[in-house]
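Notes for the one structure printed next.
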Amino acid sequence: MLEITSLACARGAVQVLQNVDLNLIAGEAVVLRGPNGAGKTTLLRIIAGLSPALSGQIKCASDSIAYSGHADGIKTNLTVAQNLNFWAGVFGQRDITTAFDAFDLHDLRDRPAGEMSAGQKRRLSLARLLVTGRPIWCLDEPTVSLDQENVARFASAVQAHLARGGAALIATHIDLGLADARIFDIKPFMCRKLVETDPFADWEAA
Amino acid sequence: MLEITSLACARGAVQVLQNVDLNLIAGEAVVLRGPNGAGKTTLLRIIAGLSPALSGQIKCASDSIAYSGHADGIKTNLTVAQNLNFWAGVFGQRDITTAFDAFDLHDLRDRPAGEMSAGQKRRLSLARLLVTGRPIWCLDEPTVSLDQENVARFASAVQAHLARGGAALIATHIDLGLADARIFDIKPFMCRKLVETDPFADWEAA
Amino acid sequence: MSLSGAVLPWVTALAVAMVVGGLIWGFFFTPNDFRQGATVKIIYIHVPAAIMGSGTWFMMLAASLVWVIRRHHVSALAAKAAAPVGMVFTLIGLFTGAVWGQPMWGTWWEWDPRLTAFLILFLFYLGYMALWAAVENPDTAADLTAVLCLVGTVFAVIARYAILFWNQGLHQGASLSMDTEENVADVFAYPLWTCIIGFGLLFICLVLLRTRTEIRARRLSALIAQERMA
Amino acid sequence: MIGLLIRDLRLSVKAGGGFGLALAFFLIVSVLVPFGIGPETALLREVSGGILWLGALLACLLSLDRIFALDWEDGSLELLATSPLPLEMVAITKSAAHWITTGLPLALVAPLLGLFLNLPEDGFLWLVISLLVGTPALSAIGTFGAALTVGMRRGGLLLSLLVLPLYVPSLLFGSMVVSNGASGEAVGTPLALLAAISLGSLAILPFASASVLRVNLR
Amino acid sequence: MIGLLIRDLRLSVKAGGGFGLALAFFLIVSVLVPFGIGPETALLREVSGGILWLGALLACLLSLDRIFALDWEDGSLELLATSPLPLEMVAITKSAAHWITTGLPLALVAPLLGLFLNLPEDGFLWLVISLLVGTPALSAIGTFGAALTVGMRRGGLLLSLLVLPLYVPSLLFGSMVVSNGASGEAVGTPLALLAAISLGSLAILPFASASVLRVNLR
Ligand code: HEM
Ligand SMILES: Nc1ncnc2c1ncn2[C@@H]1O[C@H](COP(=O)(O)OP(=O)(O)OP(=O)(O)O)[C@@H](O)[C@H]1O
Ligand SMILES: Nc1ncnc2c1ncn2[C@@H]1O[C@H](COP(=O)(O)OP(=O)(O)OP(=O)(O)O)[C@@H](O)[C@H]1O
Ligand SMILES: [Mg+2]
Ligand SMILES: [Mg+2]
């Protein structure tokens with residue numbers, strides 16, 4: 001579903017990853033690992049199409065990626081249901097009850113999203129993935145602030161998504177309890193060099 | 001060092017904790033556990049003096065608590081060293097090198113804090129604790145976004161703090177690797193009732 | 001509650017009686033002024049509304065002080081309840097003044113000190129109400145608006161003084177004070193006093209009513225929250 | 001798209017009176033002007049049309065950073081950018097929501113403030129018309145400015161600095177419509193130009209906004 | 001405290017010209033005014049003092065929400081509240097930093113803009129003096145307003161609505177000093193009153209600001 005070949009990623013003026021090759025097939029979950037500052041967030045943002053790659057290719061069907069980053073993307077003034085309904089509308093979906101079921105949000109349905117704890121907000125933000133209807137999930141540390149029970153809930157939501165023929169690429173530092181997930185360590189691809197060593201060198205000569 | 005007796009905590013108009021009794025002695029670390037939305041953040045904010053308690057007492061020396069919440073409290077436009085120097089100044093400390101050592105920030109010293117990854121920011125925010133010079137640390141999910149190596153670094157910083165006669169109260173969902181930390185589960189103290197069931201009921205009668 | 005509930009109908013009745021009576025008296029049973037003609041009759045609405053417009057702010061100030069010092073919940077709600085009433089009185093004062101100004105001074109609006117100060121008072125009401133509306137937690141809102149009311153009062157007084165300094169205007173001086181010679185003629189004064197007292201009673205009854213509504217609304221939301229809890 | 005519009009309107013209403021606040025600010029500016037330049041009616045009458053347009057412009061300006069800032073901070077903007085909604089559409093919708101909560105109510109309430117500033121009687125109609133025709137451009141330009149500065153966390157000043165020069169033509173023609181209208185001169189040309197600016201901005205600027213948004217998001 | 005002041009100043013410089021932006025806004029407003037009200041020299045001369053004061057006030061206003069908003073968002077404000085620094089001190093320091101980055105440069109550059117607006121010659125000195133004396137009150141009042149609305153995420157409008165009526169006395173006395181000065185009348189009384197307002201605000205408002213900050217933080 002997603003095919004990445006010899007991708008080079010930069011953040012600011014510094015290249016942080018090189019030669020990344022990664023294949024994601026339907027029904028597969030890949031856990032992205034790497035120490036702090038390795039470039040996981042950078043990689044995911046590039047795959048989601050938010051940042052441009054330095055070089056290399058990313059092949060996937062257009063409009064097939066659902067991205068979720070460090071921030072929750074929640075409107076604190078709206079209720080949980082309003083938040084989710086909005087995203088469902090944007091992605092042309094109707095049904096938000098599966099999302100409510102998956103993350104046990106029924107009790108919080110009419111709570112203003114600002115009046116929730118960190119973990120509750122996170123659950124709402126994950127529930128959004130289910131209303132995108134998109135096959136490839138690119139998640140950046142999705143389980144931050146979640147307790148054990150909710151991490152398990154998240155894991156089974158991912159499993160269900162895989163069973164439906166979806167795929168997931170998940171950056172995380174903790175163990176998610178996804179039994180047959182492939183681990184992809186980006187440590188070997190790390191590099192630190194300046195992107196443009198001297199962009200105006202030829203101008204000096206000219 | 002910190003003595004909490006029959007504390008009741010509310011968030012908004014809802015009481016979330018009741019009858020919390022907790023003693024923290026010098027050299028001791030207590031890990032606060034509880035499911036999402038239990039009231040850990042609420043409790044820590046009350047102990048730190050940010051929110052008022054509903055009832056009950058908190059006894060500790062004044063100006064003895066260093067609080068660190070979900071947010072990092074980092075100025076993205078300043079460098080790492082400037083950020084830390086500022087807090088050192090506010091707390092009347094001088095020396096920031098121990099803090100740099102403890103969280104291995106030397107390489108990042110002159111990096112603008114905004115150009116760091118989530119985990120690197122978190123390390124900076126934890127390093128701030130060391131420049132407060134305060135004995136009681138109240139930390140709300142301090143290891144969010146940290147990789148294993150840095151969680152270990154955090155654990156040894158806490159150990160060193162305890163060895164210096166400090167104490168720590170840490171809310172977290174993951175295992176910190178603090179060998180002899182006492183676990184304090186707040187689940188038994190959870191409650192859900194309205195603070196003022198009906199504040200003006202007696203006015204109706206009057 | 002039951003006390004205010006018992007008092008309320010009587011105050012309301014009295015207020016309505018006095019306002020209607022005073023207005024009818026003033027409108028139909030007083031002579032036209034020799035200079036101003038029939039327009040003088042606006043006075044029966046304008047002056048009481050203007051008095052109550054500024055009076056309400058002082059009542060809010062007092063209620064805010066009580067809240068800050070004694071944390072008496074009803075006083076916070078009373079201040080909240082009074083603000084829209086005061087705002088409307090102020091608006092009526094401004095509006096009737098403008099309508100009166102058109103024939104008297106030839107313009108709808110004039111940057112006269114009293115008018116200007118009144119307009120600023122109107123802005124204070126707006127800000128105060130906007131702050132109440134903006135804060136969700138009622139206790140937080142009460143605290144913030146109380147401080148705003150205290151600070152606002154000081155600045156409103158300074159502004160009043162500043163404006164006097166800035167422009168000496170066209171507006172009438174005090175014409176109902178007890179000690180001056182040139183009071184309005186008694187034919188005008190009696191119905192005017194009736195209207196003023198009537199407006200005062202109207203203010204009391206509106207604030208009582210709104211405070212009761214606020215209390216009930218608070219109880220209702222508490223009960224709804226309780227329901228949701230269960 | 002309708003969903004986004006509704007959400008934005010709902011948010012600005014929830015946030016304590018989307019409509020009311022722009023109006024209140026407009027009111028205050030119009031009230032402060034006489035304090036600055038003195039209460040003489042004749043003087044006020046002469047400057048009133050321009051001052052009202054300036055006030056409307058400033059009221060618009062103050063609410064600009066709300067257009068994208070909140071969505072940026074909480075991460076919604078990234079999510080919108082990866083959604084099926086094209087960013088051009090997002091930009092148009094945001095302009096529309098901004099106009100509905102500021103430009104439209106400003107235009108409707110302007111005559112009242114005209115009274116305070118002693119606007120000549122013939123000017124009232126033209127004031128409303130010029131604001132109705134001209135404020136969409138203010139919203140579209142403002143959206144572009146907000147897109148340019150999103151995520152730069154430097155208060156509203158940089159934004160104002162970028163946007164104000166772009167507002168000059170609208171201000172110029174807008175106040176010309178009012179002053180010509182008030183003094184009974186022909187208003188056709190400035191009004192046509194004002195409308196042209198609005199239509200042009202609405203047609204072109206959403207693309208510019210979307211492209212700078214994309215740059216700022218990466 | 002000095003540390004906080006230095007940090008704030010450094011931040012506003014880093015954030016793309018703390019000084020420059022207020023100035024630029026001031027400049028633009030002063031330039032827009034002639035567009036709004038027309039270029040007649042006599043008319044401009046008459047309104048210039050007041051317009052300059054108004055421009056300074058609006059430039060102040062636009063930068064107000066920066067005072068606490070950033071510290072609130074990134075959690076620094078909570079940390080400051082739990083630090084040994086009393087919140088009253090924080091409020092004073094914030095006012096001072098705001099004044100140094102807006103009020104002070106505005107006062108210094110105002111004469112230049114006076115030239116654009118044909119301010120009468122005698123007015124220049126009094127313009128500078130009145131701004132120097134009056135703007136500290138604007139910063140202190142603004143800090144109070146920012147403390148009242150911190151964390152309310154509703155753009156600058158609510159803040160402006162709360163703060164502008166409080167600015168009225170300063171604006172009145174300030175522009176009175178300029179216009180009296182320009183026309184050779186006595187400026188003593190309004191100047192003294194302006195100074196009194198500034199001193200009073202600086203003495204009292206930090207306490208009010210600290211108390212509302214505490215309420216907003218809980
Ligand atoms: C929009 C315009 C006006 C406003 C905002 C306004 C406001 C006020 C206010 C605040 C008062 C003071 C009430 C008090 O506290 O004693 C007042 C009283 C009064 N106004 Fe006006 N006024 C306006 C226009 C006019 C006009 C055009 C007239 C008549 C020519 C007028 C005649 C009076 C009189 C006779 C009083 C009673 C004075 C006294 O007994 O103190 N007003 N008005
Ligand atoms: N805005 C930025 N500008 C320049 N460099 C940046 C920026 N953000 C991050 N970096 C650097 O790019 C590198 C990769 O960062 P990235 O956020 O991708 O790491 P990560 O793997 O997600 O780390 P973490 O686990 O801490 O979230 C880091 O070394 C970081 O310091
Ligand atoms: N601003 C708020 N207003 C009202 N209720 C709130 C607010 N914030 C949180 N709550 C509620 O208070 C309860 C306790 O929240 P708190 O943030 O203390 O939980 P927590 O233990 O820190 O959870 P987490 O592990 O998810 O961070 C939750 O049920 C939450 O829904
Ligand atoms: Mg990351
Ligand atoms: Mg929490």
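Values below: all heavy atoms of this structure, side chains included; hydrogens, waters and symmetry mates excluded. By convention in this document, chain letters (A, B, ...) are assigned in the order of the sequence lines, proteins followed by strands, and residues within each chain are numbered from 1.
Between B:Phe184 and B:Phe189, the ring center distance clears the sub-6.0 Å criterion.
If you measure heavy-atom distances from B:Ser145 to chain A, the contacts under 4.5 Å come from both the backbone and the side chain. Interface remark: B:Glu115 contributes no atoms to any contact with chain A (heavy atom separation under 4.5 Å). Contacts of B:Arg123 with chain A are made by side-chain atoms alone, with heavy-atom separations under 4.5 Å and no backbone atom involved. Neither the backbone nor the side chain of B:Glu149 has a heavy atom closer than 4.5 Å to any heavy atom of chain A.
Considering every non-hydrogen atom in both A:Asp21 and A:Ser6, the closest pair reads OD1-N, 2.7 Å.
Taking the charged nitrogens against the carboxylate oxygens, B:Lys40 and B:Asp140 have no contact shorter than 4.0 Å, which rules out a salt bridge.
Cation-pi check for B:Arg109 over B:Phe100 is met; the charged atom lies under 6.0 angstrom from the ring centroid and within 45 degrees of its normal.
When atom types are taken as modelled, the side chain of B:Asp147 and the backbone of A:His173 share no donor-acceptor pair closer than 3.5 angstrom.
Across B:Leu146, B:Ile174, B:Val144, the residue that shares the most heavy-atom pairs under 4.5 angstrom with chain A is B:Leu146.
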